[in-house]
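All values derive from a computational prediction rather than experimental measurement. Basis for what follows: all heavy atoms, side chains included, without hydrogens, waters or symmetry-related copies.
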Amino acid sequence: MSDTFSLANSTFSSRLIIGTGKYRSYEAMKAAHAASGAEMVTVAVNRVPLDGSAESFLDHLDPGMKILPNTAGCYDAEHAMRTARLAREALGTEWIKLEVIGDPVTLLPDNEQTLDAAKVLVKEGFIVLPYFTDDLIMAKKLLDAGCPAVMPLAAPIGSGMGVQNPSNLRIMREQLPDATIIVDAGVGVPSDAAIAMELGADAILMNTAIAEAGDAAQMAKAMKLAVEAGRLGYLSGRMPKRLYASASSPIAGAIK
């Protein structure tokens, strides 16, 4: 698609951001990444040897992909900020996907801790992409703090339940028309991705839906097409919903 996606100081042709966890093998991960067409990949800083002391998925990433470190596994603002600083030193990037988890069972984010960390990291020069619940007011606060984009969840991490609150995402899009909104977490099948994009998301980040599929590469291609279809559908503008039927072939002027 010629409809590019710009974020901070980078421009991407793909609106799909892919992950690195849960793949059955490095070969499966590489095949899925290639099939997805994604140009940005997220990496959990807390689960890789950043000093290169052991083999990890970092050794198997396409060098052309932009690495987006994330603070997965952090349960308070201080831990998340330390992890972000470590990622900057080890990986040489100012970009960080900020995650501060508030509950170990649901893995739902702690919005307040996320906002506290975002304010500090933005002042330190980070390009902060915060993961949070689909809350319009928190989205406004994160944008006001200097985040170039917000990343509301569709459903809990790894649940595959799809968009649980489409009205929230639609309202967020309408109330924040100039904001960059990246739906993160909860997508399970291509139709979920298409729905999120039809609601006006600028991009989607997903991992489990692809990594745990029976054929990860095939699912990655399906997700790529779904994101593109959903984006085109959003740009096209849907027909109005009607309570009653409306003939596809109008009868005005028809032969009697």
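Closest of all the heavy-atom pairs between Asp110 and Thr114 is O-OG1, 2.7 Å. Val187 and Ala193 get closest at one heavy-atom pair: CG1-N, 4.1 Å. Residues Met197 and Tyr234 share a closest heavy-atom pair of O-CB, 3.4 Å. Closest approach of Tyr23 and Ala32 over heavy atoms only: CE2-CB, 3.7 Å.
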The test is side chain to side chain contact (heavy atoms under 4.5 Å, CB included); show your working for Asn46 and His79 and say whether it passes.
CA-CA 10 Å; Asn46 285 324; His79 188 190; 4.1 Å; yes
Show your working on side chain to side chain contact (heavy atoms under 4.5 Å, CB included) between Met81 and Glu124 and close with a plain yes or no.
CA-CA 10 Å; Met81 290 188 290; Glu124 294 181 4; 5.6 Å; no
Take Arg173 and Leu199, measure what side chain to side chain contact (heavy atoms under 4.5 Å, CB included) needs, and give me the verdict at the end.
CA-CA 8 Å; Arg173 176 74 288 162; Leu199 290 168; over 6 Å; no
Verify side chain to side chain contact (heavy atoms under 4.5 Å, CB included) between Met223 and Ile204, making sure each step is shown before the conclusion.
CA-CA 10 Å; Met223 290 296 188; Ile204 298 181; over 6 Å; no
Exercise answer: donor-acceptor pairs, residues 65-75 side-chain atoms, under 3.5 Å, sequence neighbours excluded:
{"residue": "Asn70", "atom": "OD1", "partner": "Ala72", "partner atom": "N", "Å": "3.0"}
{"residue": "Asn70", "atom": "ND2", "partner": "Thr42", "partner atom": "OG1", "Å": "2.8"}
{"residue": "Asn70", "atom": "ND2", "partner": "Val43", "partner atom": "O", "Å": "3.4"}
{"residue": "Thr71", "atom": "OG1", "partner": "Glu99", "partner atom": "N", "Å": "2.7"}
{"residue": "Thr71", "atom": "OG1", "partner": "Glu99", "partner atom": "O", "Å": "2.7"}

List, one per line, each side-chain donor-acceptor pair under 3.5 Å for residues 141-161, sequence neighbours excluded.
{"residue": "Ser159", "atom": "OG", "partner": "Pro156", "partner atom": "O", "Å": "2.8"}
{"residue": "Ser159", "atom": "OG", "partner": "Met161", "partner atom": "N", "Å": "3.4"}

Check residues 205-220 and write down every donor-acceptor pair under 3.5 Å in which the side-chain atom is one partner and the other belongs to a residue at least two apart or another chain.
{"residue": "Asn207", "atom": "OD1", "partner": "Thr20", "partner atom": "N", "Å": "3.1"}
{"residue": "Asn207", "atom": "OD1", "partner": "Gly21", "partner atom": "N", "Å": "3.2"}
{"residue": "Asn207", "atom": "ND2", "partner": "Gly21", "partner atom": "O", "Å": "3.1"}
{"residue": "Thr208", "atom": "OG1", "partner": "Lys22", "partner atom": "NZ", "Å": "3.1"}
{"residue": "Asp215", "atom": "OD1", "partner": "Ala217", "partner atom": "N", "Å": "3.3"}
{"residue": "Asp215", "atom": "OD1", "partner": "Gln218", "partner atom": "N", "Å": "2.9"}

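The only member of Thr180, Thr11, Asp202 that meets side-chain hydrogen bond (donor to acceptor under 3.5 Å, both in side chains) when paired with Ser6 is Thr11. Among the candidates Asn111, Ile182, Ile101, the single residue satisfying the side-chain contact (heavy atoms from CB on, under 4.5 Å) test with Tyr131 is Ile101.
Checking side-chain atoms of Gln113 against main-chain N and O of Ala77 turns up a donor-acceptor pair under 3.5 Å. For the pair Asn165 (side chain) and Ser167 (backbone), a donor-acceptor distance under 3.5 Å is absent.
Inter-residue side-chain proximity for Leu136 and Leu176 is flagged as met; some heavy-atom pair is nearer than 4.5 Å. Within the 4.5 Å cutoff, the side chain of Asp134 has no heavy atoms near those of the Gln164 side chain. Side-chain contact between Ile17 and Lys97: absent, with no pair of heavy atoms (C-beta onward) separated by less than 4.5 Å. Inter-residue side-chain proximity for His33 and Asp62 is flagged as unmet; no heavy-atom pair is nearer than 4.5 Å. Looking at heavy atoms from C-beta onward, Leu7 lies in side-chain contact with Leu129 at the 4.5 angstrom threshold. Looking only at side-chain heavy atoms (C-beta outward), Ile18 and Met29 stay at 4.5 Å or farther from each other. No side-chain heavy atom of Phe132 sits under 4.5 Å from any side-chain heavy atom of Leu115.
Both Ile96 and Val122 are part of a single hydrophobic cluster, where members link through side-chain heavy atoms under 4.5 Å apart. Grouping the Ile, Leu, Val, Met, Phe, Trp and Tyr side chains by contacts below 4.5 angstrom, directly or via other members, places Met40 apart from Ile181. Leu91 and Leu61 end up in the same hydrophobic cluster when Ile, Leu, Val, Met, Phe, Trp and Tyr side chains are linked at under 4.5 Å. No path of Ile, Leu, Val, Met, Phe, Trp and Tyr side chains, each step under 4.5 Å between heavy atoms, connects Leu98 with Leu86, placing them in separate hydrophobic clusters.
For Arg170, the salt bridge (Lys or Arg N to Asp or Glu O under 4.0 Å) test picks out Glu174, with sequence neighbours left out. Under the rule for a salt bridge (Lys or Arg N to Asp or Glu O under 4.0 Å), the partners of Lys224 that lie at least two apart in sequence or sit in another chain are Glu228. For the salt bridge (Lys or Arg N to Asp or Glu O under 4.0 Å) test, residues two or more places apart in sequence or in another chain that qualify with Lys30 are Glu27.
Note that the OG1 atom of Thr133 and the CG atom of Asn168 stand 9.0 Å from one another [nearest 0.5 Å]. In this structure, CG on Asp116 lies 11.0 Å from CG on Leu121, to the nearest 0.5 angstrom.
Classified by interplanar angle (parallel below 30°, tilted 30° to 60°, perpendicular above 60°), the ring pair Phe12/Trp95 is perpendicular.
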